[in-house]
Amino acid sequence: MVSPEAERAREAGDGPGTAGDVREAETPGRPEAPEAVGSPEAPGTSGDGHGGDEQARDGRPSPGGGPEGGGGGTTLWRNHDFLRLWAGQALSQAGSQISYVAIPLVAVVTLGASATEMGVLGALVRLPMLGFLLFGVYVDRMRKRPVLIWTDLGRAVVLALVPLLYVMDSLTLGALYAVVFALSLLSVLFQVAYRSYFPSLVPLSHLAEGNGKLQLSESLAQTAGPGAASALLKVMAAPMLILIDVFSYLFSAAAVLLIRRPEARPEPDDETAGSVHRAIWAGFRWVMTQPMIRPLAIASGLYSFFVMGAMQSIYILFLLRGGPDLPPEWVGAVMATGGVGAILGATLSVRTMRRLGLGPTLLWSTVIGNCSLLLVPFASGSAWTAAVMLGASQFVVWACNQVFFVSNMTLVQSITPPRLQARVIGTIYSLGLIPAPLGALGAGLLGDAVGLRFAILVAVVAGAILPILLLVFSPIPGTKEIPAGPRE
């Protein structure tokens, strides 16, 4: 499918200078505390395998929780609940990448969609993403594990309609539109619940390791999935290929169903229970009053506008006609280097965080990744030279992307209590999504007016430098360990 998970990686701030995913806190202001909690190397936080399966006061597993219940013991390889979630997500993401290739082919090859109709298809994929803020409110008020199970099952049923209608010779573009919209809607709901549920399965000391493993499987899926889909298309019609994704969602639902850790019912929020607007505002206000999170959130919006929106909307056109003038068949190879970089970055993310510390990792992954974007507008010379410069940029950007994402995720999950967590996720995703279409429109107009290379240069310089400045003049560079969050 054209999955919001994949779109999130491209548009919603999973890159250097962005905010990534967040959990929320009850009280605004600076997190209490200079003491480190869950720092990758902090003594006394790794757990000794004793102490049963109790949870900490903030609703997360205690560091000493046992392996069976998700407390994790001394390694996540003994945390069976985390392994179930990870296995389900790894297969689901691989299936989603196959559908990410197959659904556009169904529209173009099977149904003969025009450019305008493909534009409508793309709009229907992105439209439900505006619901992140609203979904965050409701997910905070319910148990998240059932949401994961039912959204996986719902996506399996919705996707199964495509091969079913194809076999019945009843597949139409209108039906595909309905499937894609419903699929995207369910995926947005799943993503909010998934990112706010995961930290309840692992102790604070293992958040970074868990985020690294989840990100590695996602990077592997994004790298290998499209190639696997292309190979399978030689023996299967595109509509039938979607069945692989259907079964991956069923597997994911079963994996989550097998998780044994009990999930407490969220406590009612009397302050915002009667108003959706007040509930949304509570999440946004928390993000904007946290000195460690606010610069990341604002940087997310800037990066989304200038890079994910402006630069990427004209990137392929620039490669083909804006100066590098690459042969069309080289474009895929240039883009593939990003996948290789993503795998390397996800593999090294936790090690980098342990060696440099949390804040320096966030800062330097942003500096190196964002500055490597400057290779794009200056790619010139022979086609080979330009391709090498562009490929190097892709590789470094995506490697730094993964390091940044894991470190940022670990920070916000560690300092934020559960009561508002889904709303903060919705806030961060919205900040990373809403500016992108505006940036894309501006880049198109600027490119027509002054040329593609200059438009790319403006987008890259602004999108690279502004997030770096935000981080430099924040508390982040001086924060080596994860600060303790507010306790409820």
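Any value given below was found using the heavy atoms of this structure, including those in side chains, with hydrogens, waters and symmetry copies removed.
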Heavy atoms, side chains only, cut-off 4.5 Å: are [X] and [Y] in contact?
X: Q97; Y: Q93; result: no
X: L296; Y: L411; result: yes
X: T366; Y: C400; result: no
X: L214; Y: F82; result: yes
X: I103; Y: I242; result: yes
X: K480; Y: L358; result: no
X: W86; Y: S217; result: yes

Assess whether side-chain contact (heavy atoms from CB on, under 4.5 Å) is satisfied between Y249 and S96, documenting all intermediate values. CA-CA 9 Å; Y249 282 132; S96 294; 3.2 Å; yes

Closest approach of [X] to [Y] (non-hydrogen atoms, all atoms of both residues):
X: A379; Y: A386; value: CB-O, 4.0 Å
X: L375; Y: A392; value: CD1-CB, 4.2 Å
X: A297; Y: L431; value: CB-CD1, 3.8 Å
X: I476; Y: M292; value: CD1-O, 3.7 Å
X: L153; Y: A253; value: CD2-CB, 3.8 Å
X: V376; Y: F318; value: O-CE2, 3.4 Å

Can you tell me if [X] uses its side chain to pair, donor with acceptor, with the backbone of [Y] under 3.5 Å?
X: R143; Y: E263; value: yes
X: S304; Y: G301; value: no
X: N79; Y: L201; value: yes
X: S187; Y: L183; value: yes
X: R145; Y: V256; value: yes
X: S252; Y: S248; value: no
X: T347; Y: I343; value: yes
X: D81; Y: R260; value: yes
X: S407; Y: T361; value: no
X: T337; Y: V334; value: yes

side-chain contact (heavy atoms from CB on, under 4.5 Å) partners for [X], two or more places apart:
X: V460; value: M311, L373, L374, P377, I456
X: V340; value: F395
X: V147; value: M142, T151, L189, A193
X: A342; value: S219, W398, Q402

Nearest 0.5 Å please: distance from the CG atom of D245 over to the CZ atom of R155.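 Taking CG in D245 and CZ in R155, the distance rounds to 8.0 Å.
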
Once rounded to the nearest 0.5 Å, what's the spacing between atom CD of E218 and atom NZ of K213?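 NZ of K213 is found 16.0 Å from CD of E218.
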
With side-chain contact (heavy atoms from CB on, under 4.5 Å) as the criterion, how do Y197 and I259 come out once you've worked through the C-alpha distance, each side chain's angles and the decisive distance to 0.1 Å? CA-CA 12 Å; Y197 177 65; I259 291 175; 3.4 Å; yes

Residues two or more places apart in sequence or in another chain: which of them pass ring-ring contact (aromatic ring centres under 6.0 Å, His included) with [X]?
X: W281; answer: F284
X: W364; answer: none
X: Y194; answer: F190

Give the C-alpha distance, both sets of side-chain angles, the deciding distance and a yes or no for side-chain contact (heavy atoms from CB on, under 4.5 Å) between F306 and V461. CA-CA 9 Å; F306 288 108; V461 169; over 6 Å; no

Listed pairs under 3.5 Å, donor-acceptor, residues 463-471 side chains, sequence neighbours left out:
none

Given side-chain contact (heavy atoms from CB on, under 4.5 Å), test L186 with W150 step by step and report yes or no. CA-CA 9 Å; L186 290 168; W150 287 110; over 6 Å; no

Partner set under side chain to side chain donor-acceptor pair (under 3.5 Å) for T352, not counting sequence neighbours: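 Checked T352 against side chain to side chain donor-acceptor pair (under 3.5 Å); zero matches.
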
Within a reach of under 6.0 Å around CZ of F247, are more than 12 heavy atoms found that belong to other residues, nucleotides or ligands?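 For F247, atom CZ is not crowded (no more than 12 foreign heavy atoms under 6.0 Å).
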
